[in-house]
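Just below is one structure, and these are the notes that go with it.
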Amino acid sequence: MRILVTGGTGLLGWNLVQILSAKGYDIVATYHITQPQKGFSNVEWIQIDLTRYEDVFSLVAKTKPAVVIHTAAYTDVDGCEIHRNLAYRVNYEATKALAKACKEFCKYFIYVSTDYVFDGAKGLYREDDLPNPINYYGLTKLLGEVAVESLLENYLIIRTSNIYGCSPGGKKGFALTTLEKLLLRNEVKAIYNQYLSPTYASDLANNIVEILRLRPRGVIHLAGERISRYDFALEIAKALGAKEDLVKPVSFEEIVFKARRPRDSSLDTSKARSLGLSIRSFKESIREFVERCSSYAIQRI
């Protein structure tokens, strides 16, 4: 089966390419800027700007994948607030173009969305809770959801939260930045009263591979356990064996963001569990993250 993975050098895309390649799938993976590493015999890498919508259609028409897994996005929350036109084009219009192309050529479409479609007023959001994004990133990702739902029948929207890990083209993010600072024995400021569901990229990728077998449709929340950013950083320190007092608690009200952030965007994953998808314990995932990404973090310091 041929699978098209967009954002193949990003955190999730890179893990997907590795796992799917090992399982023998025929993979077409896209990238925009970061050159992919070689070594995958069954992966065709294609450089593309997803905002060139005619190229998106040509890509799908030429490669004719049975499944598209759309992981590529403009995920810089503050950047989306500043560069709204780019965020709109990448997160909404490119998704719409890809869904249109998939409608003609593909059998199944997976769109990776975000917990930031919610306002954070209550936390532990379920799939049928009403989205209400409070920043432009969340709005554009929600528009992407609407495009997929309106254009396709055989689709799955996966809402996840704060994907962490390491990859050639993945952004640093909170976890990797925390790991780098702790390796340097520097202090880490982390918010103690903001909650999320940090999701290890490898765990999410493995579950998406299982989803290819199950083929559920609609919307599903697939993420890690609910935890504060402070406890998130503290668990990284514990797994690393760093001094825990390097992690300093700060309040949500003390931090000034360019874009508003939800106070509690954690996700309820009951539906995913009912399908038999595996959600590892946070501590187990963090231990693997530290083991796999410490050397990568050292190279970036």
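Keep in mind the model is a prediction, meaning the values are calculated, not measured. Nothing fancy with the numbering, it's 1 onward along the sequence. As a basis for the values below, the full set of heavy atoms in this structure was taken, side chains included, without hydrogen atoms, waters or symmetry mates.
- Between Ser21 and Ile27 the shortest heavy-atom distance is N-CD1, 3.2 Å.
- Residue Phe257 is found in a hydrophobic cluster whose other members, listed by chain and number, are Ile191, Val250, Phe252, Ile255; membership requires side-chain heavy atoms under 4.5 Å apart, directly or through intermediates.
- The side chain to side chain donor-acceptor pair (under 3.5 Å) analysis of residues 204-219, with sequence neighbours excluded, yields the pairs Asn154-Arg217, Glu210-Arg213.
- Within the structure, side chain to side chain donor-acceptor pair (under 3.5 Å) pairs that include any residue of residues 254-263 comprise Asp78-Arg261, Ser251-Glu254, Glu253-Arg263 (at least two apart or interchain).
- Two residues are said to be in side-chain contact when any heavy atoms from C-beta on lie closer than 4.5 Å; Lys107 and Val67 fail this criterion.
- In this structure, Thr30 and Trp45 approach most closely via the heavy-atom pair O-CZ3, 4.3 Å.
- Between the Lys64 side chain and the Ala61 main chain, a donor and an acceptor come within less than 3.5 Å of each other.
- Leu196 contributes atom CG, which lies 8.0 Å from atom CD1 of Ile227 (distance to the nearest 0.5 angstrom).
- Residues Leu277 and Ile211 have side chains in contact (heavy-atom distance under 4.5 Å, counting atoms from C-beta outward).
- Hydrophobic cluster membership differs between Leu86 and Tyr136, with clusters built from Ile, Leu, Val, Met, Phe, Trp and Tyr side chains linked at under 4.5 angstrom.
- Of the possible polar contacts, one joining the Ser274 side chain to the Lys271 backbone as a donor-acceptor pair under 3.5 Å is found.
- Screening residues 205-289 for disulfide (SG to SG under 2.5 Å) gives no qualifying pairs among residues at least two apart or on separate chains.
- For the side chain to side chain donor-acceptor pair (under 3.5 Å) condition, the pairs that include at least one residue of residues 230-242, sequence neighbours left out, are Ser228-Asp231.
- For the atom pair CG (Leu267) and CD (Glu225), the distance works out to 13.0 Å, reported to the nearest 0.5 Å.
- In terms of heavy-atom proximity, Arg159 sits nearest to His221 at NH1-NE2, 3.1 Å.
- Looking at Ile158 and Ile220, their side chains come closer than 4.5 Å, going by heavy atoms from C-beta outward.
- In this structure, the side chains of Thr160 and Leu12 stay at 4.5 Å or more apart for every pair of heavy atoms.
- Side-chain atoms of Asp264 come within 3.5 Å of backbone atoms of Ser266 as a donor-acceptor pair (strictly under, hydrogens ignored).
- Between Ser202 and Arg292, the closest side-chain pair of non-hydrogen atoms falls below 4.5 Å.
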Contacts table for residues 89-100: side-chain donor-acceptor under 3.5 angstrom, sequence neighbours left out:
residue	atom	partner	partner atom	Å
Arg89	NH2	Thr51	OG1	3.3
Asn91	OD1	Tyr74	N	2.8
Asn91	ND2	Tyr74	O	3.1
Asn91	ND2	Thr140	OG1	3.1
Glu93	OE1	Tyr53	OH	2.9
Thr95	OG1	His70	NE2	3.1
Thr95	OG1	Asn91	O	2.9

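- The closest side-chain heavy-atom distance from Val68 to Phe105 is not below 4.5 Å.
- The number of heavy atoms from other shown groups lying within 6.0 Å of NZ (Lys248) is above 12.
- In this structure, the side-chain contact (heavy atoms from CB on, under 4.5 Å) partners of Lys243, at least two apart in sequence or on a different chain, are Asp245, Leu246.
- Under the 3.5 Å distance criterion, the side-chain polar atoms of Asp119 are left unmatched by any main-chain donor or acceptor of Ile134.
- The list of disulfide (SG to SG under 2.5 Å) pairs with a residue in residues 3-121, not counting sequence neighbours, is empty.
- Between Leu50 and Ala72, the shortest heavy-atom contact is CD1-CB, 3.6 Å.
- Between Ala233 and Leu182 the shortest heavy-atom distance is O-CD1, 4.4 Å.
- With a 6.0 Å radius and a threshold of 12 heavy atoms from other residues, nucleotides or ligands, Lys189 has its NZ atom at or below the threshold.
- Asp76 CG to Ile82 CD1: the interatomic distance, rounded to the nearest 0.5 Å, is 7.5 Å.
- Taken to the nearest 0.5 Å, the CD1 atom of Ile163 stands 11.0 Å off from the CG atom of Asp203.
- A donor-acceptor pair under 3.5 Å is formed between the side chain of Ser150 and the backbone N or O of Ala147.
- When the salt bridge (charged side-chain N to carboxylate O under 4.0 Å, His left out) test is applied to Glu81, the partners found at least two apart in sequence or on another chain are Arg84.
- To the nearest 0.5 Å, atoms CG (Leu240) and SG (Cys293) are separated by 12.0 Å.
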For residues 110-118, run the donor-acceptor check on the side chains, cut-off 3.5 Å, and write out each pair with its distance to 0.1 Å, sequence neighbours left out.
residue	atom	partner	partner atom	Å
Tyr111	OH	Lys141	O	3.0
Tyr111	OH	Lys141	NZ	3.4
Ser113	OG	Glu145	OE2	2.7
Thr114	OG1	Tyr116	N	3.0
Asp115	OD2	Ser161	OG	2.9
Asp115	OD2	Ser265	OG	2.7

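- Taken together through direct or relayed side-chain contacts under 4.5 Å among Ile, Leu, Val, Met, Phe, Trp and Tyr, Leu156 and Leu4 form parts of separate hydrophobic clusters.
- Sorted by first then second residue, the ring-ring contact (aromatic ring centres under 6.0 Å, His included) pairs that include residues 171-205, not counting sequence neighbours, are Tyr164-Tyr200, Phe174-Phe232.
- Atom OG1 of residue Thr178 and atom CD1 of residue Ile236 lie 5.0 Å apart, to the nearest 0.5 angstrom.
- Between Val28 and Ile46, some side-chain heavy-atom pair lies under the 4.5 Å cut-off.
- Under the 4.5 Å side-chain heavy-atom criterion for Ile, Leu, Val, Met, Phe, Trp and Tyr, Leu204 and Leu214 are members of the same hydrophobic cluster.
- Judged by distance alone, with hydrogens and angles left aside, the side-chain atoms of Thr269 form no donor-acceptor pair with the main-chain N or O of Leu222 at under 3.5 Å.
- Residue Leu142 is not grouped with residue Phe109 when hydrophobic side chains (ILVMFWY) are merged at heavy-atom distances under 4.5 angstrom, including chains of intermediate members.
- Residues Val43 and Ile48 fall into different hydrophobic clusters, defined by Ile, Leu, Val, Met, Phe, Trp and Tyr side chains chained together at heavy-atom separations under 4.5 Å.
- Asp129 places none of its side-chain heavy atoms less than 4.5 Å from the side chain of Asp268.
- Of all heavy-atom pairs spanning Val60 and Pro65, the tightest one is O-CD, 3.6 Å.
- As a member of the Ile/Leu/Val/Met/Phe/Trp/Tyr network built from side-chain separations under 4.5 Å, Leu130 groups with nothing else and remains a singleton.
- Put simply, the residue from Lys62, Glu104, Arg52 that forms a side chain to side chain contact (heavy atoms under 4.5 Å, CB included) with Phe57 is Glu104.
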